[in-house]
Amino acid sequence: MGTNNLLMHRDTCFMDKAIALANASSRSGRNGPFGAVVVKGDRLLGEGVNHVVQRRDPTAHAEVMAIRAACRTLRSHSLDGCTLYSSCEPCPMCLAAAYWARIERIVFACTRRDAAEAGFDDDAIYRELPLPWPRRQMKFRQIRRRAGLKTLEIWKNNPAKRPY
């Protein structure tokens with residue numbers, strides 16, 4: 001089997017796992033219809049399903065739960081070289097979490113538009129992000145910038161800082 005065939009086989013196997021998690025979550029009715037796994041090579045490092053309602057936590061999306069589990073497994077905040085498999089295109093929060101975790105690759109099944117058709121806000125949030133503050137639905141107000149800049153300057157000049 002060639003390298004591309006091996007990668008396709010691996011992608012299919014891990015996507016099947018993410019979809020199976022999503023299906024079980026959907027059937028339970030307690031959690032949202034999303035599943036995700038984080039993998040490095042052939043090793044599954046973490047998995048997750050949506051726990052937003054159950055945990056009363058709007059950040060408890062499947063991808064975030066899988067990233068948290070993988071970070072615990074590796075005892076690191078960095079998932080460099082890992083792949084995130086998700087039953088759906090990650091929402092903006094989950095996409096940002098993947099970037100912060102240094103995920104190398106994302107493989108997904110459904111699109112954000114598919115999620116919108118099922119009643120989820122992902123696509124609406126994606127459409128809001130490029131808008132300037134005054135045109136967004138959420139209200140923004142910037143104050144005390146100089147005080148905030150001082151904090152960033154303290155961080156920048158601290159030789160004991162641990163960059164991430």
F108 with Y126, same ILVMFWY side-chain cluster at under 4.5 Å: yes
Residue pair R55 / M65, side-chain heavy-atom distance below 4.5 Å: yes
Short side-chain to backbone donor-acceptor contact, S25 and L21, under 3.5 Å: no
From CA spacing to verdict: side chain to side chain contact (heavy atoms under 4.5 Å, CB included), H61, V52: CA-CA 6 Å; H61 289 200; V52 170; 3.5 Å; yes
Donor-acceptor contact below 3.5 Å, side chain S87 vs main chain G35: yes
Nearest-0.5 Å distance that lies between atom CG in L149 and atom CD1 in I154: 11.0 Å
D114 and T111 side chains, donor-acceptor separation under 3.5 Å: yes
CG-CD1 distance between L45 and I67, expressed to the nearest 0.5 angstrom: 11.5 Å
Aromatic ring pairing W100/Y164, orientation class (parallel under 30°, perpendicular over 60°, tilted between): tilted
Straight-line distance of E153 CD to R146 CZ, nearest 0.5 Å: 14.5 Å
E128 bridged to R136 by N-O distance under 4.0 Å: no
Minimum-distance pair of heavy atoms, taken over all atoms of A109 and M15: N-CE, 3.7 Å
Least distance between heavy atoms, D80 atom then K40 atom: O-NZ, 3.1 Å
Greater than 12 external heavy atoms within 6.0 Å of W155's CH2: yes
Minimum side-chain heavy-atom gap V49-Q54 below 4.5 Å: no
Validation row: T83, E104 side chains within 4.5 angstrom (heavy atoms): no
Exercise: identify the closest heavy-atom pair between D42 and V39: C-CG1, 4.4 Å
Donor-acceptor side-chain pairing of S76 and R102 below 3.5 angstrom: no
Same cluster (ILVMFWY, side-chain, under 4.5 Å), L74 and I103: yes
Joint hydrophobic cluster, L129 plus L131, side-chain heavy atoms closer than 4.5 Å: no
Smallest separation among heavy atoms of A18 and A36, with atom names: CB-CA, 4.1 Å
Heavy-atom closest pair, residues P33 and A22: O-CB, 3.7 Å
I125 and C91, any side-chain heavy atoms less than 4.5 Å apart: no
Partner of Y85 by side-chain contact (heavy atoms from CB on, under 4.5 Å), out of E63, K17, E47, R10: R10
Check against side chain to side chain contact (heavy atoms under 4.5 Å, CB included), R112 and L95: CA-CA 12 Å; R112 63 189 188 216; L95 179 60; over 6 Å; no
Expected output: side-chain K161 to main-chain K156 donor-acceptor under 3.5 Å: yes
Atom CG of N4 with >12 non-hydrogen neighbours under 6.0 angstrom: no
Passing option when F14 is tested against L84, L44, V38, I19 for side-chain contact (heavy atoms from CB on, under 4.5 Å): L44
CZ (F140) with more than 12 external heavy atoms under 6.0 Å: yes
